[in-house]
There are 2 protein chains.
Amino acid sequence: MTTAKEATLHQRILSDLEGKIVSGEWPPGHRLPFEVDLAAQHGCSRMTANKVLTQLARSGLIERRRKSGSFVAQPAAQAAVLEIHDIETEVRSLRLAYSFRLASRMVRNAGPADRIHLDLPESRPLLDLTCIHNAGDRPFCLEQRLINLSAVPEADGEDFSRVAPGAWLISRVPWSAAEHRISSVSAGADAAAALEIPRHTACLIIERRTWSSSGPVTFVRFTYPGDRHMLIARFTPGGEN
Amino acid sequence: MTTAKEATLHQRILSDLEGKIVSGEWPPGHRLPFEVDLAAQHGCSRMTANKVLTQLARSGLIERRRKSGSFVAQPAAQAAVLEIHDIETEVRSLRLAYSFRLASRMVRNAGPADRIHLDLPESRPLLDLTCIHNAGDRPFCLEQRLINLSAVPEADGEDFSRVAPGAWLISRVPWSAAEHRISSVSAGADAAAALEIPRHTACLIIERRTWSSSGPVTFVRFTYPGDRHMLIARFTPGGEN
DNA sequence: TGTGTCAACATGTATATACATAATGGACAA
DNA sequence: TTGTCCATTATGTATATACATGTTGACACA
């Protein structure tokens, strides 16, 4: 009843072990107590200790070897979680008015050049969109998107003049896999015009390729004026605590 | 014995449920079978079903409510995992020779300007480093780093002419928390000179702030010539499968 | 009709138990 | 000395069981 922190046995053991690892008290390579010993120390059953260790292993903090025991892992890659919200959320979190304008919309067949973006057989129908997201009265981001109409045929019936393609797609094809590529380029003539910035301004590029279980769904390129935007990724040892 | 995929009961149930969710067969909001029903369907105990559902909930695919059941979650933010390796690994994975040169090294006291980077009381000793990482015979990345000597006093005794500060720190302060900020700028005079690129070339900036349990440890800014570098982040529903 | 109470229900957490599996290290034989 | 085999050991997975906890909805009562 000290400060009365209500916590389950599971998470008490978890944070105890995490603390020892994160503080450096147990450096990488250190062998932690065996399951039975942990159970004894905390007055619980082996199953409980096992579940805690399994969770630590899943989050990458420890490495488990049969017969040998569990060891504090070497932090190999700094794996950080990058939260990519949709643009409207992003703009509103800056306390700015959001608006969106469709600049072009065309249906065409996939050509050889599109294989770079969407890995799709040629002459499949494709929806090619360009739109501009505004924050306040200034352009915030340029979106260039290809949608695979074989995977999402309903997209053909949507004109995207009112609803942004990103938000529309997430409601149609939830839980798809994605790959993001982040890079930096000087604004070309088209991007400069669309974003109302001087040519050769540094821009942050985020490209996203999305697959569902039925194949490639969409490819998007977001172009942000570099000095106005920033991506944030965090890493906390042990994951979401 | 179709294709004889050896899998535990646990992961068979897991991938079964994941499949139903990812394919869209169970859309967001759909209530999945109760634990007891799942157990019956798969011929296992409720504990096993419970563990599977718990894992799905932890990875964000489902949401659980007592008495009501478990529901497919709405994919809120596209959370992707960004793997940030150290520079040497990155260069070698491009099959290029790696080398590293320390350009400047000074110990000084923290001033007001440093609060922006490392949240540290003034007049604390700081190690200020600048170095250049080469891939083959061309500059690959400019590293500007501050190390909090109160947190890592041993850094004062290291001259960093042979070992890169990133690699050195990770062995000293494993499992620290970090925040990354990714943006894009035009190369200034100093960056252009260090990286041997024209001024105003678009550059990708990755800034990393690192804390251990004993406070701020280090701040780094990596400047990459934009056209030569790309960050990749992936998202797979259900996590590491 | 409105409201309070309570039983039923689904999940949350923990235990004891059982057997499988993989790796270590030592016994033992060549 | 060297190589093979096997018991030991720690983890991996699964079961049956128990009780706690938060919700819902039905039912009784005002």
Side-chain angles (χ1 to χ4, degrees), chain A residues 1 4-18 20-21 26 28-74 238-241, chain B residues 1 4-18 20-21 26 28-74 238-241:
Chain A
M1 291 68 180
K5 62 159 185 176
E6 272 322 306
T8 67
L9 192 43
H10 183 98
Q11 36 198 172
R12 286 209 313 104
I13 304 175
L14 191 72
S15 48
D16 176 29
L17 296 181
E18 269 177 12
K20 294 229 169 76
I21 294 170
W26 288 349
H30 177 93
R31 201 197 71 208
L32 27 153
F34 298 126
E35 293 186 348
V36 278
D37 299 338
L38 261 183
Q41 285 168 29
H42 291 87
C44 66
S45 72
R46 183 174 81 92
M47 270 302 295
T48 305
N50 178 301
K51 277 169 73 173
V52 172
L53 291 177
T54 300
Q55 189 171 325
L56 280 175
R58 273 185 54 85
S59 71
L61 269 185
I62 67 169
E63 196 179 299
R64 314 195 68 184
R65 287 199 290 277
R66 284 191 161 156
K67 163 73 184 177
S68 311
S70 304
F71 300 82
V72 177
Q74 301 282 345
E240 55 282 350
N241 295 307
Chain B
M1 288 68 177
K5 61 161 185 177
E6 273 320 307
T8 67
L9 191 44
H10 184 96
Q11 37 199 171
R12 284 208 315 103
I13 304 175
L14 191 71
S15 47
D16 176 29
L17 297 181
E18 269 175 12
K20 294 229 170 75
I21 294 171
W26 288 350
H30 177 93
R31 201 196 71 207
L32 27 154
F34 299 127
E35 293 187 348
V36 276
D37 299 337
L38 262 183
Q41 284 169 30
H42 290 87
C44 67
S45 70
R46 184 174 79 92
M47 270 304 293
T48 305
N50 179 300
K51 277 169 73 172
V52 171
L53 291 177
T54 301
Q55 189 172 326
L56 281 175
R58 273 186 56 84
S59 72
L61 269 186
I62 68 169
E63 195 180 299
R64 313 194 70 184
R65 287 199 290 276
R66 284 196 162 152
K67 164 74 183 175
S68 312
S70 303
F71 300 82
V72 177
Q74 301 283 345
E240 55 281 349
N241 295 309

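Values below: all heavy atoms of this structure, side chains included; hydrogens, waters and symmetry mates excluded. Numbers restart at 1 for each chain; the letters A, B, ... are given by sequence-line order, proteins then strands. Model, not experiment: these values are computed from the prediction.
In this structure, the CD atom of Gln55(B) is 14 Å from the P atom of dG12(D), given to the nearest Å. Glu63(A) places its CD atom 14 Å from the P atom of dT11(D), with the value rounded to the nearest Å.
Counting heavy atoms from C-beta on, the side chains of Leu32(A) and Leu53(A) come closer than 4.5 Å. Side-chain atoms of Lys20(B) and His30(B), non-hydrogen and from C-beta on, never get closer than 4.5 Å to each other. The side-chain heavy atoms of Val52(A) and Gln55(A), taken from C-beta on, include no pair separated by under 4.5 Å.
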query = Going 5' to 3' along nucleotides 10-16 of chain C, which nucleotides have protein heavy atoms under 4.0 Å from the base (write B), which only from the sugar-phosphate (write S), and which from neither (write -)?
reply = SBBBBBB
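Atom CD1 in Ile21(B) sits 5.0 Å away from atom CG in Leu61(B) (nearest 0.5 Å).
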Each nucleotide N or O in nucleotides 5-7 of chain D that has a protein N or O under 3.5 Å away: list the pair and distance.
none

Kindly list each side-chain donor-acceptor pair under 3.5 angstrom involving residues 39-47 of chain B, sequence neighbours excluded, with atom names and distances?
residue, atom, partner, partner atom, Å
His42(B), ND1, Leu38(B), O, 3.2
His42(B), NE2, Asp16(B), OD2, 3.0
Ser45(B), OG, Thr48(B), OG1, 3.4
Arg46(B), NH1, Glu35(B), OE1, 2.4

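In terms of heavy atoms, Pro28(A) sits closest to Ala73(A) at CB-O, 3.5 Å. In this structure, Pro33(A) and Trp26(A) approach most closely via the heavy-atom pair CD-CH2, 3.7 Å.
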Working for side-chain contact (heavy atoms from CB on, under 4.5 Å), residues Arg64(B) and Thr54(B) = CA-CA 9 Å; Arg64(B) 313 194 70 184; Thr54(B) 301; 3.5 Å; yes
